[in-house]
*Asks:* 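Please read through the structure below; I'll follow up with questions.
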Amino acid sequence: KRLEERLNAASTPERTSAAPSTGILAVWGAIVSSITVGALEAPLDQVKLRIQANTIRGTSPLKMLLETLSSVGARQMFNSSFVPFVLKAIPHDVGEFVTFGVLSEDHTVQRCLGPISENAKDALLGAAAGCAAALLSNPFDVICTKVQTSPTRSGDTHHTMRSSLVAFRDTARAEFAQGGMRRLYVGLVPRLMQMVPASVIYWLVVEEVRRSIVSRYAPNPA
C-alpha cells in the first residue's frame, strides 16, 4: 500500500496510466507476505498437523515440537515444510488480497453497496475475499496436508527445497489421478466455514483501524 501511495504521489499525468493497478500490487504483496510468514509458520504448521494426526491423546504442542526437532533436525524440518506451505499460502493470500482490494476500489461495486454502512461493506467484501481464498487454495491445501502428514519413505531422510517441491508435484499428480479436481476439493465446505468468518472479522478490523488512523492523523483543513 505504501508502494502504491509513493507511485501515485510521484506520477505525473503522463505517467499515471503506467502505475501498477491495485490487482498487480495485491498479487505482489500477497506473494511477499506468504513467503515471509511461511518462513516462521511452516514448521509450526507441520507440528500442528502431526498433533492432529497423532492417535495418542495428551500430546502437548511443545512435546511434539521437541520430538520433531530431535528426530529430523531444525533444517530438515524447515526444508520439508516450507515449500508445501508457501505453495498453499500464495493462492490463498492472492485470492483474498486481490478480491478485497479490487472490489473495494471498483466503482460499480461501490455504487451497488452505496446505501449501506462502511462496516457492512467491509463485511460483505471480506466474505467474498474469504470465498475466493478458499476456492483458489483448497487444492493446494489438500496436497500440502498430504505431503506433511505422509510417512517418510524408507531411506528418504534428507530433505531439500527441491525434494519438497518434487514431493508436492508427485502428490498432486497422485491425488488428481485418483479423483480429478473433485479429489482436490475435499473439505471445501469446512474450509469455507472456517475462512469466510475469519476473513470477515479480519477485514472489518483492518479497515476500521485504518479509518481511525487516517481520521486521527489527517491534516486539519485550513
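Reckoned from all heavy atoms, side chains included, excluding hydrogens, waters and symmetry mates.
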*Asks:* Of all the heavy-atom pairs spanning Cys131 and Leu192, show the shortest one and how long it is.
*Replies:*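 Closest heavy-atom pair between Cys131 and Leu192: CA-CD2, 4.0 Å.
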*Asks:* Measuring from atom NZ of Lys146 to atom CD of Glu175, what distance do you get when rounded to the nearest 0.5 angstrom?
*Replies:*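 Interatomic distance, Lys146 NZ to Glu175 CD, rounded to 0.5 Å: 4.5 Å.
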*Asks:* About how many Å separate CD1 of Ile90 and OG of Ser33, when rounded to the nearest 0.5 Å?
*Replies:*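 Those atoms lie 9.0 Å apart.
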*Asks:* Looking only at heavy atoms, which two atoms of Ser164 and Val83 are closest? And how far apart?
*Replies:*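 Closest approach of Ser164 to Val83: CB-CB, 4.0 Å.
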*Asks:* Between Ile143 and Leu87, is any pair of side-chain heavy atoms under 4.5 Å apart?
*Replies:*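 Counting from C-beta outward, Ile143 and Leu87 never come under 4.5 Å.
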*Asks:* Is the shortest side-chain heavy-atom distance between Ile116 and Leu124 below 4.5 Å?
*Replies:*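 Counting from C-beta outward, Ile116 and Leu124 do come under 4.5 Å.
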*Asks:* May I ask you to decide whether Arg210 forms a salt bridge with Asp122, counting only side-chain N to carboxylate O separations under 4.0 Å?
*Replies:*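 So Arg210 does not pair with Asp122 through a salt bridge.
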*Asks:* Indicate, with yes or no, if Leu165 and Ile31 share a hydrophobic cluster defined by side-chain heavy-atom contacts under 4.5 Å among Ile, Leu, Val, Met, Phe, Trp and Tyr.
*Replies:*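 Yes, Ile31 connects to Leu165 through the hydrophobic network.
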*Asks:* Within the supplied structure, the quantity of interest is the number of heavy atoms (other residues, nucleotides, ligands) at a distance under 6.0 Å from Phe168 CZ; does it exceed 12?
*Replies:*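 Yes.
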*Asks:* To the nearest 0.5 Å, what is the distance between OG1 (Thr145) and CZ (Phe140)?
*Replies:*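 Here the interatomic distance stands at 13.0 Å.
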*Asks:* Does a side-chain heavy-atom distance below 4.5 Å link His92 with Met195?
*Replies:*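 When only atoms from C-beta onward are counted, Met195 and His92 do touch, with a gap below 4.5 Å.
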*Asks:* Answer whether the closest heavy-atom distance between the side chains of Leu113 and Leu125 falls below 4.5 Å.
*Replies:*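 Result yes, sub-4.5 Å side-chain heavy-atom pair found.
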*Asks:* Report yes or no: does Thr99 contribute a side-chain atom to a donor-acceptor pair with the main-chain N or O of Glu96 at less than 3.5 Å?
*Replies:*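 No; judged by distance alone, with no hydrogens or angles, the pair does not exist.
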*Asks:* Does the pair Ile35 and Phe82 meet the rule for a side-chain contact (heavy atoms from CB on, under 4.5 Å), with working shown?
*Replies:* CA-CA 9 Å; Ile35 295 172; Phe82 178 72; 4.1 Å; yes
*Asks:* In Å, rounded to the nearest 0.5 Å, how long is the span from CG of Asp93 to NZ of Lys88?
*Replies:*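 Answer for the CG-NZ pair, Asp93 versus Lys88, is 10.5 Å.
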*Asks:* Classify the ring geometry between Trp203 and Phe97 as parallel (under 30°), tilted (30 to 60°) or perpendicular (over 60°).
*Replies:*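 Perpendicular.
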*Asks:* Do Phe100 and Val200 share a hydrophobic cluster (ILVMFWY, side-chain heavy atoms under 4.5 Å, transitive)?
*Replies:*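 Per the 4.5 Å side-chain linkage, Phe100 and Val200 are not co-clustered.
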*Asks:* Using atom types as modelled and distance alone, determine if a side-chain donor or acceptor of Ser199 lies under 3.5 Å from a backbone N or O of Val196.
*Replies:*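 No.
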*Asks:* Is Val27 reachable from Val86 through a run of hydrophobic residues whose side-chain heavy atoms are each under 4.5 Å from the next?
*Replies:*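 Yes; tracing contacts between hydrophobic side chains, which count when under 4.5 Å, links both residues.
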*Asks:* Is it true that Val206 and Leu103 fall in one hydrophobic cluster, defined by side-chain heavy atoms closer than 4.5 Å?
*Replies:*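 Yes, same cluster.
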*Asks:* Measure across Ala133 and Ser137 and return the closest heavy-atom pair with its distance rounded to 0.1 Å.
*Replies:*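 That closest heavy-atom pairing would be O-OG, 2.6 Å.
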*Asks:* Which distance, rounded to the nearest 0.5 Å, do you find between the OG of Ser104 and the CD of Gln110?
*Replies:*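 Answer for the OG-CD pair, Ser104 versus Gln110, is 6.5 Å.
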*Asks:* Please report the closest heavy-atom contact between Leu135 and Pro139, naming both atoms and the distance.
*Replies:*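 Taking every non-hydrogen atom into account, O-CD, 3.8 Å.
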*Asks:* Please name the pair of heavy atoms, one in Ser212 and one in Ser215, separated by the smallest distance, quoted to 0.1 Å.
*Replies:*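 In this case the closest contact between Ser212 and Ser215 is O-OG, 2.9 Å.
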*Asks:* Would a single hydrophobic cluster contain both Val189 and Val142, if residues Ile, Leu, Val, Met, Phe, Trp and Tyr are joined by side-chain heavy-atom contacts under 4.5 Å?
*Replies:*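 No: no chain of side-chain contacts under 4.5 Å links Val142 to Val189.
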*Asks:* Which heavy atom in Pro84 sits nearest to a heavy atom in Val147, and how many Å separate them?
*Replies:*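 Heavy-atom minimum between the residues: CG-CG1, 4.0 Å.
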*Asks:* Do Met181 and Leu184 have side chains that get closer than 4.5 Å, going by heavy atoms?
*Replies:*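 Of all side-chain heavy-atom pairs linking Leu184 with Met181, at least one is under 4.5 Å.
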*Asks:* Going from CG on Leu204 to CD on Glu118, what distance comes out if it is rounded to the nearest 0.5 angstrom?
*Replies:*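 Atom-to-atom, Leu204:CG and Glu118:CD are 11.5 Å apart.
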